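As the structure is a computational prediction, the values presented were derived from the model and not from experiment. In what follows, every chain begins at residue 1, and chains take the letters A, B, ... in the order their sequences are listed.
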Amino acid sequence: MSSLFSPEIRQKIEHYLQRYETRRSAILPILHCIQDEYGWVKEEHVLALEEHYQLPRVQVEEVLTFYSMYRQQEPKQFRLMLCDNLVCTMMGYKEVDSAIRGHLQEYQHKGKDCPFSLEKVPCLGVCDGAPAMLINKTRHLNLDANNVVAILKNCDTLATGT
Amino acid sequence: MGIIRVNRPAADRNAFEAAWGYVTSIAKGMQLTMKIMLKQLLKLEKSETLEWPEQPATYSERFKGKHFLTQREDGQVRCTACFLCATACPAECIFIEAGEHPDHRIEKYPVRFEIDILRCVFCGLCEEACPVDAIRLGPEYVMAGSAGDKWVYTKEYLLARPQLQGGIASIKVENDKHPAINKIASVENNKSVVRH
Amino acid sequence: MEKPKIVTRFAGLADSRSLDTYLRHDGYQALHKALAMKPAELIELVKASGLRGRGGAGFPTGLKWSFVPKDAPEKYLLCNNDEGEPGTFKDRYILELSPHMLVEGMIISAYAIGAQKAYIYTRCEFYEEIAWMEQAIHEAYRHGYLGANILGSKFSFDLDHYGGAGAYICGEETGLISSLEGKKGQPKLKPPFPALSGYLNKPTVVNNTETLAVIPWIVQHGPEKYRAIGTEKSPGTKLFCISGPVKRPGVYELPLGYPLQKFIEDDAGGLRDGKTLKAVIPGGASAPVLTADEVAKVTLDYESMANAKTMLGSGAVIVIPEGQSMVELLKVTVDFFHHESCGQCTPCREGTGWLSNVMHGIYQRKAKLKDVEKMIAIANNMEGRTICALSDACAMPTRAIATKFGDEIRSYIQRGNHG
Amino acid sequence: MSKQVSFTLDGQEVTVPQGWTVMQAARQEKVAIPHFCWHPGLKVAGVCRFCLVHVEGARKLEISCNLVVQPGMVVSTLRDEVKQAHKWALEFHLLNHPLDCPICDQAGECGLQDYYMEVGLYQSQMTRPKVLKPKALDVGSELVLDTERCILCSKCVRFEDEVTKTGALGIFARGDRSIIGTYHGQKITHQYQENLVDICPVGAFTSRRFRFKQRVWFLKEKSSICPGCSTGCAIKVHGKPEMRRYFRVKPEEDQSVNGHWLCDKGRMTLEHLNPEARLMQAARWQAAQQAWEFSPQTAPFIRELAQEIARLAPQDIALLVSAQYTNEEYAEFFDYFVKQRGITQVYQWREPSEARDDFDGLLLRGDHNANTRGLMAALKQVGIKAKIGDQLEKCVAAKPQLVIALSPEISFTAPSLPEQLAQLNSLARVSLWTTHFSASQWTQLWQLLPLRGFAEKIGTVTNYQGKTRVLKEAFPPVASEVLAISQIIAGLHKEL
């Protein structure tokens, strides 16, 4: 067995392969599980899935590239997923966006390593709290230029703390 | 359709009258000839005769003479070996052998591009057919030669002819469309098309 | 107008998600009742209630169930909880209120169509909600509501959860099925329809979360009581999500046929900061926009919306205030569909990209006036030409905004041309 | 007999088997409905949305490839709305298609070009830049992939999934960023790669072998039968007769044998048709110079052969025959030599190492001779009992004074050919009738007579199923000195 995946992951993969009617159905949950563990899905993961679990690499790659939540690049510690859809646009997404960008640029000026990566995502399904953003798995609602910076600074302290 | 009947000309009244007519006509003609000859001998009027080949002849800018291939800015042939000139050619005088270009972005280029000039009818259809303005009919009209000469022009000959001595801008700027398509083609570009 | 509470009856209760709370409020009573009935009777009951799919298309639920062949050995029930329509957040609200409502609804529905297995397909961005739902499923298993021989009957049924991975198209029923099969979430060619050949080519019913969540109430209280609410052709209540600059955005349960204007002004408290109403998108991003004048005339039901050449959709009311640029909104809408097109059918794949391109040109004021007509032409030729409705969903709002707010777009372009 | 259904297609009453789609019916009736993603040999995908037709009573236009014929249905492909829909469907396809036509091998047989001439909108609507994708990718020994030209019809993906079952191709990402390809550019390795080129409606897949060799509109095509193995796939040979060159081999539809496909080996048979591989003139070995002497005149060679035949008794002459010639050629050959000249020593010439019962599961068979069954039947006809098998060694051991040999035509089917020829060297006189020639490997045979290749003759062959199939059309031979077997025999007739 491959040493690429930890025993827990291997156990989870086996579980998912058994859980659904077809092995193929397990591709999405397995990729989620790998991403939760490693932050992103590497080429070697896809190849290992084919080698050890007979999930064809083309099928896995198709799924991996089709769905927007999967990452194929090394992530930063905090993945900022800012909704840029209708309601958020009306409710001040642009100000939030520029506030975030301003904050991220500070890292550049200071020459510090930025722990954030910013992504625009479609509607997060929380339009009553627009503008909304997901940081990793935590939802932040009713953002504006001020509170978003506070949230980012809070993350900052977490980042430097660890 | 029908037949138009024309009356026969009336017969000359007599031989003398006919002869008189001929003689006076010739005399009138000779008079004009003599007048111009004398004027030109005395340099009162410019002669239209050129002392070719010592004196160069000028043709219209649209003259369709000997072919040449235009170049990219880096000197490579512009031709993409699409065979459209060979397809359009009514005399079937163009032979192309295409090949894979080492540069990934160019992909296809002519390894051989030959024109059998003895078969060419100088119709200019190759120039019309070319989608990338790679072949043009130039201003050279002197193509006399002897049996031993090469009558199949090679790609190298068509691409860079020292005797043109840079007289023709055969280098085309990338993505510069034909003036008819792209009206923004500058006057500068137009000027450089043909110069003698 | 009376506002009966069916789904929202758990609102405001402490610990509303727990099984205890649910049981205290007649939870799983409908299941007892349903298991005593024949599946065919249940389908008739739901037909009689006039319940229509709450996902967007409004297809009668009972009718959908009746298409499933009775003698097929393997059948599936799928819950479409992949709520992705911009402006919609009602299904999330149900999970937040009481996931047991959905679980019970699914058990009853599965019994009616004869499915042994069901999946709740949820978008993966709902991390908390998924945890609550899994908790509810777990509790239901522990108390014998799920698993073998439910409540001592011969009916055995398994319910599982499946998470999406960020694709709007998985909210389309066959896209959802593809995704559940572990493929790209590309909708499948119809016919065959999923009721005959769906998940793993077995008969499959896909229902929206809200549809399934009201089933227990209908079974418990009878179809007549449900029919009494709402209008003749659109009976019952529906969850409406209101968002935008209103005083109280959120989810409201209203009887169908409720006036839109009243909803915005009374229930949601009207526009905030003294803004005036410019337009309303009545059913999520894919619904054609209504101007302020039209808003006064329509009521919240399928027929009234259809008459106004728009649709009720998922019931996502997006309020647009005066001063909001429609060019910007259209750009956002078109970009969204461009991003979410699965790329399968050519008119949608290329059309959404084309519209997005043209729209960006307009937004940057690098467009010609006739681009507005071009967009309408593109939209017309995208609509009704593809496997699923995503292409229509992009075409309809584009055409509506480009026609109703054409002058605004044109003057936007012109201002740009003059500097 | 399955149930039949009648419906109206463009005003014509059409009857088709139940379960057929409108597209299949239209194909049978030769009503052209434009399409990209539909292929008769693959499952319906319904993604190009091009084959729209109008059905009376339907709310919107339907795609004909997924529209099962219902009795009494009234279908129209001629209405204005249908034509307008086709124009726009094509316009959508062209939106992100690069203007590569001058360097694209598909030009001239490209779906986009053909349909543009037929149903094009003729006024470009596109003003914005196109989506750029990777070009000229190496995805297999026979394939070059240009993802930018791809219109995502998914035919190649379905071919990989359904026909070869290798699943090497996928469509990655989504929307108009979708890219066709193999996993991280891996190579496709199976034997059916060029079918991807055939089914690709645009120039996304092009053939490495044919790449840039010729523009397709210069090519003439002739129907023939693949000589590569005993399956005998129906093929079309594409050549330029005025250049005396052949450029490619494509499959022809034949549901009873090869369906729509042809293996890459079958396409390689082409290499044996072009002048480089061919024996263009008759030749004899000059022992003094240790070299071949070629002659533009074949008649003297035939005369020499005739003299030998006349000089020798029939029992001193042997025939050595490979199983790659047509039934008609065998009939004539045996009729003359066995019946008329009384030669009884007939040996089969086969590859000794052949695994005759091999089969790759799709088309390619271990018996690399196109007409094994035809040869056996021809032998039986002239009263010679024989079992299939290589008898070359037996022939050499019998030490005949003269061997008249019909050489295998396609060299990949006979890897031991040079060694087998070397064995023949020990014999006094060998008259080798052959299509191809290799100056570096062949020595010392008495005479070589040039024969026509498979694309240059008409006739019939009998495949492994016992089906007798026709090589329908012939190209003119690559050189005027290249002869048909019947011409050589006629020459011998004249001399004797």
- Task: Report yes if some heavy atom in the side chain of B:Lys108 is under 4.5 Å from a heavy atom in the side chain of D:Cys104; otherwise report no.
- Result: no
- Item | Region of B:Glu100 that comes under 4.5 Å of a non-hydrogen atom in chain D | both
- Item | Closest non-hydrogen atom pair between D:Phe218 and B:Phe83, with its separation | CE1-CD2, 3.6 Å
- Message: Would you say that more than 12 heavy atoms from the other residues, nucleotides or ligands in this model lie under 6.0 Å from the CH2 of B:Trp151, or not?
- Response: yes
- Item | Heavy atoms of other groups near D:Lys187 NZ, more than 12 under 6.0 Å | yes
- Query: What part of B:Ile106 lies closer than 4.5 angstrom to a heavy atom of chain D: side chain, backbone, both or neither?
  - Reply: backbone
- Heavy atoms from other residues, nucleotides or ligands near CD of B:Glu48 exceed 12 (cutoff 6.0 Å): no
- Query: Which pair of heavy atoms, one from B:Cys82 and one from D:Pro102, lies closest together, and at what distance?
  - Reply: CB-O, 3.0 Å
- B:Glu107 side chain near D:Phe212 side chain, heavy-atom distance below 4.5 Å: yes
- Message: Just checking B:Leu44: does its CG atom have more than 12 heavy atoms from other residues, nucleotides or ligands closer to it than 6.0 angstrom?
- Response: yes
- When you look at CD of B:Gln55, are more than 12 heavy atoms from neighbouring residues, nucleotides or ligands closer to it than 6.0 Å? yes
